[in-house]
Amino acid sequence: MSHNVTPKQARAVSALLTNRTIEDAATAAGVNARTLYRWLELDPFRAALHAAEAAAIGDALRALVGDMRANFEVMRAIRDGDESANVRLQAARALDAALLKWRIVMGRI
C-alpha cells in the first residue's frame, strides 16, 4: 500500500475491509474509533481505502467469473446429457439468460 499511510493506518484499511462497523475495524486495528473516523477524512487514507476496496472487488469478480465458467460447464453437461427433455430445456434457457445478462453487463448488446 503506497498511499503515504502509516503502518497502523494500513492495518486500519485492512480492518475496514473485514469488519462490519468502523468501531469493530478500529478495535481490530488497535486504534480508537475516533481516530479512525478522523483518518477517514484524510485524502491519503481514503485513497488507500479506495484502492484496497477496488482490489477486493476485482478479486471477487475474478472468483465469480471462475464460478460462472464452472456453472456454464454444468449447464452444458445437463443440456447435452441424458437428462429429461424438460431438464435439458431448462439448462439451455439458463445458458441463454446468463449469456444475455453478461452481454448487457459488458455493453455488447
Side-chain angles (χ1 to χ4, degrees):
M1 191 176 304
S2 63
H3 292 277
N4 296 322
V5 296
T6 67
K8 195 171 268 197
Q9 288 173 328
R11 283 194 304 275
V13 166
S14 295
L16 284 166
L17 295 178
T18 57
N19 288 276
R20 291 185 176 264
T21 67
I22 291 177
E23 289 76 14
D24 290 344
T27 299
V31 298
N32 185 290
R34 285 179 40 204
T35 299
L36 186 49
Y37 278 108
R38 189 170 28 88
W39 287 347
L40 285 164
E41 299 298 320
L42 302 175
D43 288 337
F45 186 83
R46 278 199 321 265
L49 178 59
H50 291 163
E53 289 169 338
I57 290 168
D59 291 345
L61 283 174
R62 283 187 293 281
L64 286 172
V65 167
D67 289 346
M68 182 181 65
R69 287 181 182 151
N71 292 343
F72 282 160
E73 291 307 316
V74 169
M75 286 187 282
R76 282 186 186 132
I78 291 169
R79 180 197 64 195
D80 299 337
D82 294 330
E83 287 78 9
S84 72
N86 187 43
V87 170
R88 290 194 320 271
L89 178 61
Q90 288 175 0
R93 285 182 175 158
L95 279 167
D96 288 345
L99 179 59
L100 179 60
K101 286 178 187 177
W102 184 252
R103 285 183 172 171
I104 290 170
V105 166
M106 298 304 292
R108 294 191 178 159
I109 251 187

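Predicted model, so just to flag it, every value in this text is computed and none were measured. For reference, positions follow the sequence shown, starting with 1.
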**Study point:** Cluster link Leu40 to Leu42, ILVMFWY, side chain under 4.5 Å
**Key:** yes
Practice item. Mind running side-chain contact (heavy atoms from CB on, under 4.5 Å) on Leu16 and Trp39 for me, showing each step along the way? Key: CA-CA 12 Å; Leu16 284 166; Trp39 287 347; over 6 Å; no
Work out which heavy atom in [X] is nearest to a heavy atom in [Y]; give both atom names and the distance.
X	Y	value
Ala48	Val5	CB-CG1, 4.0 Å
Ala52	Leu17	CB-CD1, 3.6 Å
Glu41	Arg46	O-NH1, 2.9 Å
Val31	Lys8	CG1-CD, 3.3 Å
Ala33	Glu23	CB-CG, 4.1 Å
Ala15	Ala25	CB-O, 3.3 Å

Separation between [atom1] of [X] and [atom2] of [Y], rounded to the nearest 0.5 Å:
X	Y	atom1	atom2	answer
Thr27	Ile22	OG1	CD1	12.0 Å
Ile57	His50	CD1	NE2	10.0 Å
Thr21	Leu36	OG1	CG	9.5 Å
Gln9	Leu49	CD	CG	11.5 Å

Exercise for review: Quick one: list whatever passes side-chain hydrogen bond (donor to acceptor under 3.5 Å, both in side chains) with Thr18, sequence neighbours left out.
Suggested key: none
